[in-house]
Amino acid sequence: MDLPSRYNPNEVEPRILARWEKRGWVCDPKSGKKPFSIVIPPPNITGRLHMGHALNNTLQDVVIRFKRMDGYEACWFPGTDHAGIATQTVVEMELLREGKTRKDLGREAFLARVWQWKEKYGNEIVEQLKALGCSCDWSRLRFTLDPGLSQAVRTAFVRLYREGLIYRGEYLINWCPRCETALSDLEVEHEEVQGNLYFVRYPLEGGGYVTVATTRPETMLGDTALAVNPRDERHQHLIGRFAILPVLGRRLPIVAAQEVDPEFGTGVLKITPAHDPVDFHIGQRLGLPAINVLNGDGTINENGGPFAGLDRFKAREALVERLQADGLLEKILPYRHAVGHCQRCRTPVEPRLSTQWFVRTTPLAEPAIRVVQEGKIQFIPERWTKVYFDWLENIRDWCISRQLWWGHRIPAWYGPDGEIFVAMDEEEARTLARAHYGKDVELRQDEDVLDTWFSSALWPFSVMGWPEKTSDLETFYPTDLLITGFDILFFWVARMVMMGLHFLGDVPFRQVLITPLIVDEKGQKMSKTRGNVIDPMDLIQSHGADALRFTMVHISGKGRSARFSRALLDESRDFLNKIWNMARFILTTTADLPAGLALEGRSLAWEDRWILSRLVSVIEEVRAHLERYLFHLAAETLYHFVWGEVCDWYLEIGKVRLYGEDQEARRTAQLVLRTLLADIVRLLHPFLPYITEEIGTYLGLEVSRSAFPRADAGRRDPEAEKVLAAFQELVREIRALRSELGLDPSRELEVVVTGGAWAERVLGDLGPALARLARVRAKLAPEALPPQGAAQGLAGDIAFFIPLAGELDWAAAEARLRKTLAKVEAELRALEERLGEEAFRERAPEEVVAEAEKRARELRARRTRLLRLLEGKR
RNA sequence: GGGCGAGUAGCUCAGGGGCAGAGCAUCCGGCUUACAUCCGGAAGGCCAGAGGUUCGAAUCCUCUCUCGCCCA
């Protein structure tokens with residue numbers, strides 16, 4: 001066995017990955033094992049892996065590997081999302097570089113081009129997920145535009161339509177003039193911008209004028225009324241009168257509406273039902289006409305009179321100039337206000353009256369709220385529940401049509417008179433039309449596609465083959481866990497719950513783990529404009545997937561945001577190297593271990609009993625943390641066990657036997673080492689799949705398919721833990737004393753250990769280990785008195801001295817004893833004070849009082865010994 | 001305006017009613033035959049502030065401050 005002294009992930013990971021690829025992670029819904037399932041949040045085909053993916057896919061993989069090892073039929077369903085706007089934009093940009101637009105190509109050719117693009121780049125992210133080590137069942141890889149999933153989308157649409165839960169109508173929607181499509185409320189991001197408040201005079205019929213304040217003067221071209229608050233005494237006299245719209249000269253009734261905020265501007269609001277949500281409602285209630293003044297591309301349409309054809313912002317300037325010329329502009333004040341921007345392209349969106357398809361959400365939201373109230377779905381951390389409720393309780397209808405080409409085309413056909421036929425396909429639509437008209441007519445399919453999130457909402461069951469009745473659905477639905485970021489809680493999570501309940505009659509998942517947002521070292525969001533984006537693939541290149549995963553797990557316990565830093569990644573890499581060298585040490589020192597030897601029945605040393613006892617606790621802790629999805633705590637437990645206990649202590653103590661003469665003892669040590677290593681790699685495997693699989697091969701163990709360790713309570717050994725704790729303290733004290741006395745670290749010293757049976761017990765077997773770890777020859781002399789000039793120390797209740805007359809720095813030795821004494825006295829004082837309080841003795845639990853008394857007794861004994869040592873000094 | 005999260009060692013953070021922890025950085029000392037991506041030792045804290053609950057608060061409650069985020 002010839003293993004390099006440094007762990008090299010670049011060599012190991014591709015090799016292990018190839019092995020996994022070959023075998024796959026294919027699940028069997030009929031295995032009879034208890035199922036455990038997760039569906040991946042499908043990454044966009046346009047996307048490359050980002051830190052958010054790295055985080056939540058690492059966590060999903062940790063869970064799935066753990067469950068798989070723990071005997072579940074653990075299935076992780078992978079897939080990708082067609083990402084309507086995002087993908088279409090990317091391909092449009094590509095075309096633009098060739099000087100073409102999608103309109104030049106036409107719908108069919110453009111779609112062919114997007115598919116071409118998808119075939120070329122769409123699977124890149126899948127390869128990246130594989131590199132990260134994700135053990136998805138890749139045989140079940142799905143894409144939201146696959147035939148099966150498209151069938152699911154059409155089925156859902158048709159059913160919702162026939163149930164009256166999807167409707168078409170003319171409403172005010174958010175419009176992105178760059179994407180030239182409608183957007184849902186969620187796709188609009190509000191941002192504070194510095195703008196102006198324009199005060200415009202509207203002449204009154206019969207003389208005079210009224211001043212109206214607006215941030216978007218160009219929309220006045222669509223004004224159909226003015227409004228004041230009915231309780232605003234200043235403007236009572238205006239109600240019922242008419243104003244004249246500047247430039248266009250339209251007659252505007254002045255109405256009363258309680259939505260008008262008397263504090264804003266002059267307290268008089270212009271009503272533009274086609275371009276403002278509040279105005280839209282007022283207009284609807286009062287039956288005011290709505291005049292759309294915008295084209296799809298953001299230019300003013302024919303309703304804008306002299307401004308027709310101008311871009312909305314140019315029109316604003318032109319209109320303001322005109323008002324000024326007409327003497328109708330009172331003033332312009334700078335004004336900060338929130339403006340909606342397109343989530344995709346950052347273009348300011350316009351509220352715009354338009355005919356679109358909507359999902360009626362209230363009836364769907366109600367059961368989605370109820371299942372969470374009833375605990376059928378649980379959010380982790382729990383506080384997200386409230387956010388979920390708040391949104392669903394105030395939900396508005398969901399605009400699902402998009403004026404794009406890339407996506408699921410809306411399965412609706414129109415007759416010559418505009419009659420709508422919603423059907424699974426054209427043939428069915430034709431049948432419906434024939435029944436309606438009594439003859440064959442020309443049908444035209446709706447040009448629009450569905451919001452990407454519509455297909456995403458069906459994802460947990462569409463990936464399993466719905467609407468077919470599949471064994472996957474039967475076994476794996478509902479899934480057990482969803483791991484995702486809070487940014488898509490509304491976009492995706494809430495909608496999956498609504499759709500899952502509606503179509504399957506059951507929740508899509510039982511638990512939702514919300515992960516934090518990864519931010520940079522300074523706590524700033526990663527963004528292209530900031531230039532602080534870190535590509536996880538670069539990190540895999542430089543540090544390996546395992547190191548990246550461990551770092552992700554490390555920071556996964558945070559609340560809303562988690563800072564990523566290179567320092568943490570280096571720390572993870574160091575840990576991997578530590579694991580590697582631990583394994584290397586164990587493998588080489590046990591290479592001669594004959595097969596067939598068993599640990600059972602052998603007489604174990606203190607350190608064996610101790611480490612095996614600790615292993616029991618570690619297994620229990622790791623399991624408990626994993627069950628509660630406290631990944632960072634599980635990882636931390638393992639980190640400290642491996643590094644701080646196994647490597648720092650057990651291996652070092654073990655060298656006594658491994659390098660010693662006693663063959664039987666050596667065999668025992670080897671057997672314990674092998675046992676330990678096999679358990680450690682399996683405990684670590686969900687977090688660090690590559691290195692553990694690699695080490696496993698040297699143990700003849702396929703770690704990824706082996707059983708996750710179970711705690712063997714019979715190995716719990718409090719006595720051994722106590723002995724080792726005493727031993728460790730003794731070693732630490734001697735080391736500290738040596739260091740503080742400035743003694744040559746390589747020099748072997750003599751140490752005389754005094755103290756009774758306990759010291760004898762600790763040193764009886766561990767004497768040689770003490771020699772090794774503290775570089776001392778230890779002599780047990782219960783009754784010995786320290787000679788003049790010996791340095792003395794105390795570890796627990798074991799006293800020792802180093803008889804080195806004439807060589808020592810007395811002050812340093814004494815200082816150390818005094819420092820220890822000060823600590824003991826401080827703690828004892830606090831303890832005695834507490835014990836002196838009657839209230840404490842009466843009200844604190846018995847065991848707490850008993851524990852305090854015991855500790856106080858120990859401290860008193862310690863103090864006595866320390867004082868005696870200090871006295872004996874002179 | 002409403003809501004959420006964070007504030008603990010110089011830095012990044014664990015912990016979450018009963019002895020304040022880790023890693024990094026710092027200082028001192030070591031290439032000791034698994035590992036210098038290492039080993040040993042040391043130093044470093046009014047757990048943001050003020051009240052409250054409790055025998056006991058870093059931890060629970062209230063308010064305040066600072067930072068970050070979400071929704072309107």
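Chain naming here is simple, since letters A, B, ... match the order of the sequence lines and numbering starts at 1 in each. Every value quoted in this text rests on a predicted model; they were computed, and no experiment measured them.
Where S5(A) and L630(A) meet RNA chain B, the nucleotide closest to each residue was compared, and L630(A) sits on the side nearer the 5' end. Residue whose closest nucleotide on RNA chain B sits further toward the 5' end, between P845(A) and W643(A): P845(A).
Nucleotides A9(B) and C28(B), compared at atom P, are 24 Å apart to the nearest Å. G7(B) and G49(B) have their P atoms separated by 13 Å, given to the nearest Å. Between A42(B) and U37(B), the two C1' atoms lie 23 Å apart (nearest whole Å). G44(B) sits 16 Å from U12(B) when the C1' atoms are compared, rounded to a whole Å. Between the C1' atoms of C31(B) and A48(B), the separation comes to 45 Å (whole Å). Remark: the separation of the C1' atoms in A6(B) and G16(B) is 15 Å, to the nearest Å. Nucleotides C46(B) and G40(B) are separated by 33 Å at their C1' atoms, to the nearest Å. For the P atoms, the distance linking G45(B) with A22(B) amounts to 15 Å, nearest Å.
The nearest pair of heavy atoms linking Y690(A) to A545(A) is CE1-CB, 3.6 Å.
Under 4.0 angstrom from either OP1 or OP2 of A34(B) there lies at least one side-chain N or O belonging to Y659(A). Checking the phosphate oxygens (OP1, OP2) of C4(B), no side-chain nitrogen or oxygen of R383(A) falls inside 4.0 Å. OP1 or OP2 of U12(B) has not a single side-chain nitrogen or oxygen of H554(A) nearer than 4.0 Å. Proximity of R573(A) to the phosphate of U37(B): no side-chain N or O atom is located under 4.0 Å from OP1 or OP2. OP1 and OP2 of G40(B) both lie 4.0 Å or more from every side-chain N or O belonging to R732(A). Not one side-chain nitrogen or oxygen of K655(A) sits closer than 4.0 Å to the OP1 or OP2 atom of U32(B).
A salt bridge links K386(A) with D390(A): the distance from a Lys NZ or Arg NE/NH1/NH2 to an Asp or Glu carboxylate oxygen falls below 4.0 Å. Salt-bridge formation is not detected for the pair E853(A)/R834(A): no Lys NZ or Arg NE/NH1/NH2 atom is positioned less than 4.0 Å from an Asp or Glu carboxylate oxygen. Ion pairing between a basic and an acidic side chain is recognised when a charged N comes within 4.0 Å of a carboxylate O; K655(A) and E652(A) show such pairing. Note on R775(A) versus D744(A): no salt bridge recorded, every NZ/NE/NH1/NH2 to OD/OE distance being 4.0 Å or above. Ion pair E846(A)/R841(A) not flagged as a salt bridge, since none of the NZ, NE, NH1 or NH2 atoms sits closer than 4.0 Å to an Asp/Glu carboxylate oxygen.
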Classify every nucleotide of nucleotides 67-72 of chain B by which part a protein heavy atom approaches to under 4.0 Å, writing B for the base, S for the sugar-phosphate alone and - for neither, in 5'-to-3' order. -BSS-S
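Among the candidates D546(A), N577(A), T551(A), the single residue satisfying the side chain to side chain donor-acceptor pair (under 3.5 Å) test with S572(A) is T551(A).
Among the nucleotides U37(B), A14(B), G18(B), the one closest to the side chain of A844(A) is G18(B).
The residue I586(A) sits apart from the nucleic acid: no heavy atom pair falls under 4.0 Å.
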